[in-house]
Amino acid sequence: KYKACLFDLDGVLVDTAVYHFQAWKILGKHFNFELSHEQNEELKGISRVESLDKILHWAHFQATQEQKGRWLKEKNETYLELISHMNPSEILPGVISFLDQLKEQGYLIALGSASKNAGIILEKTGLTTWFNAIIDGNVVTKSKPDPEVFLKGAEALGCPATACIVFEDAQAGIDAAKAGGMKVVGVGSPTILRGADKVISSFTELQVSELLLL
Ligand code: BG6
Ligand code: MG
C-alpha cells in the first residue's frame, strides 16, 4: 500500500527548534524584541526569510532589505555555531529503531525539510546514510504549506504521492503533505496539530506495521 516515508527534519528527527529559538532571540536584541515560546512555535516549518518577516512584524519594526539581508546572515551564523556541537545523541527517541524497521521492510526514505542547514545536521548526527533522497531548503522554491518539498521527494523516489507517508511536527508541514495528497503522521500534540491522519508524541509509540492502518 505505502512505498515511501518522507521525514521533516527539525522537530521530527532532531530537536533543533531550541537552537533556532536561541538564535532568533539573540538576533531580536537588535530591535529590542524578545521572542516568546508561543511565537517560536509559529515559526516551525517556516523558511528563514519568512521567519524574519514574521518576527519583524511582531516587533513592529520596519527594516530595509539590506538590514534584513545582514540579519538573516547573522541569525544563521549564530545558529551554525549552536548546531556545531550536535551529535547522534540528539536524534529523537525511537527514530533510529523506526528507520531500521522501515529499511528492513523495504520502504524508501526521503527528507523533506525547509532548512538550508539540513545537510550539516544530518552529517553531524550521522543520519545521512538512511536517506534515498534529500530535499531541503536549498532546492525548494516554495515554502510549506506549499507541497513542493514533499512532491519533489516523492518524485526523487519515483513514488506516487498516494504511496507516501509524511512525518511532520509543524502545522505548515501537515498542510503541505495534505495539499500534496499524502498521508501524514503528526509528531507532537494532538491538540495543536490539526488535520493529520494520526498524531504520535514520539516514535517510541509507533510500529511500522501500524502504518498500514492509515
Ligand atoms: C525548518 C524549521 O525546518 O527550517 C524552521 O522548522 C526554520 O524553524 C526552517 O526556519 C529554515 O531553516 P534554516 O536552517 O534554513 O534557517
Ligand atoms: Mg519541523
Side-chain angles (χ1 to χ4, degrees), residues 5-28 35-58 68-86 90-92 95 110-125 127 131 134-150 152-153 165-178 180 182 184-189 192-196 199-203:
C5 287
L6 279 57
F7 292 87
D8 172 48
L9 175 66
D10 298 313
V12 171
L13 303 176
V14 288
D15 184 17
T16 42
V18 288
Y19 302 128
H20 280 296
F21 190 33
Q22 266 179 278
W24 284 126
K25 278 213 286 207
I26 291 168
L27 189 85
L35 184 70
S36 73
H37 187 76
E38 290 68 39
Q39 286 167 328
N40 191 54
E41 286 297 304
E42 283 188 52
L43 300 179
K44 287 187 175 175
I46 306 290
S47 75
R48 198 182 309 166
V49 175
E50 284 172 300
S51 300
L52 179 61
D53 283 339
K54 269 187 185 261
I55 289 170
L56 290 172
H57 175 76
W58 290 327
K68 283 204 232 175
R70 265 190 292 121
W71 285 345
L72 287 169
K73 193 163 165 275
E74 192 180 319
K75 185 269 175 175
N76 199 51
E77 279 162 7
T78 309
Y79 182 66
L80 284 173
E81 175 62 35
L82 291 169
I83 63 170
S84 69
H85 306 289
M86 281 188 84
E90 289 177 69
I91 297 171
L92 288 167
V95 166
L111 190 84
S113 168
S115 174
K116 295 191 171 178
N117 298 304
I120 302 170
I121 296 166
L122 291 179
E123 278 303 314
K124 295 242 167 232
T125 52
L127 282 168
F131 294 90
I134 294 176
I135 310 296
D136 65 17
N138 299 297
V139 295
V140 294
T141 54
K142 289 173 243 148
S143 296
K144 299 170 187 178
D146 188 282
E148 182 188 12
V149 64
F150 296 130
K152 280 201 163 139
I165 303 169
V166 169
F167 293 85
E168 257 295 347
D169 71 314
Q171 190 59 49
I174 289 173
D175 297 343
K178 283 285 127 195
M182 298 170 182
V184 57
V185 175
V187 182
S189 155
I192 296 175
L193 300 174
R194 311 252 163 230
V199 178
I200 55 170
S201 62
S202 152
F203 280 98

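Each ligand, and each atom within it, is numbered from 1 in the order the structure gives.
One finds no salt bridge joining R194 and D175 here, because no Lys/Arg side-chain nitrogen approaches an Asp/Glu carboxylate oxygen to under 4.0 Å. The pair K73-E77 meets the salt-bridge criterion, since a charged nitrogen lies less than 4.0 angstrom from a carboxylate oxygen.
Side chains of T141 and E148: a donor on one and an acceptor on the other come within 3.5 Å.
Heavy-atom proximity to G45, at under 4.0 Å, picks out these atoms of ligand 1: 2 (C), 5 (C), 6 (O). Atoms of ligand 1 lying under 4.0 Å from at least one heavy atom of S51, given by number and element, are 10 (O). Of all atoms in ligand 1, listed by their number and element, those nearer than 4.0 Å to a heavy atom of K44 are 6 (O).
Under the 30°/60° scheme for interplanar angles, the aromatic rings of F7 and F131 are found to stand perpendicular.
Pairing each heavy atom of G137 with each of K116, the nearest pair is O-CE, 3.5 Å. Here the closest non-hydrogen pair linking I174 and G186 is CD1-CA, 4.2 Å. Nearest heavy-atom pair across G45 and A114 is O-CB, 3.8 Å.
Ligand 1 has no nitrogen or oxygen under 3.5 angstrom from a nitrogen or oxygen of N76.
In this comparison of R48, E42, E41, K54, the heavy atom closest to atom 16 (O) of ligand 1 sits on R48. Of the candidates D10, N117, L9, the one placing a heavy atom closest to atom 3 (O) of ligand 1 is D10.
Taking F21 as the reference, H37 meet the ring pair (Phe, Tyr, Trp, His ring centres under 6.0 Å) condition, with sequence neighbours excluded. Among residues two or more places apart in sequence or in another chain, the ring pair (Phe, Tyr, Trp, His ring centres under 6.0 Å) test is passed with H57 by none. By the salt bridge (Lys or Arg N to Asp or Glu O under 4.0 Å) test, K124 pairs with no residue at all, sequence neighbours left out.
Screening the protein for N, O or S atoms under 2.8 Å from the Mg ion (ligand 2) yields 3; no waters enter the count.
Here the protein heavy atom with the shortest distance to atom 9 (C) of ligand 1 is I46 O, 3.2 Å. Summary of contacts: the protein heavy atom closest to atom 15 (O) of ligand 1 is K116 N, 2.7 Å. For atom 8 (O) of ligand 1, the closest non-hydrogen atom on the protein side is L43 O, 3.2 Å.
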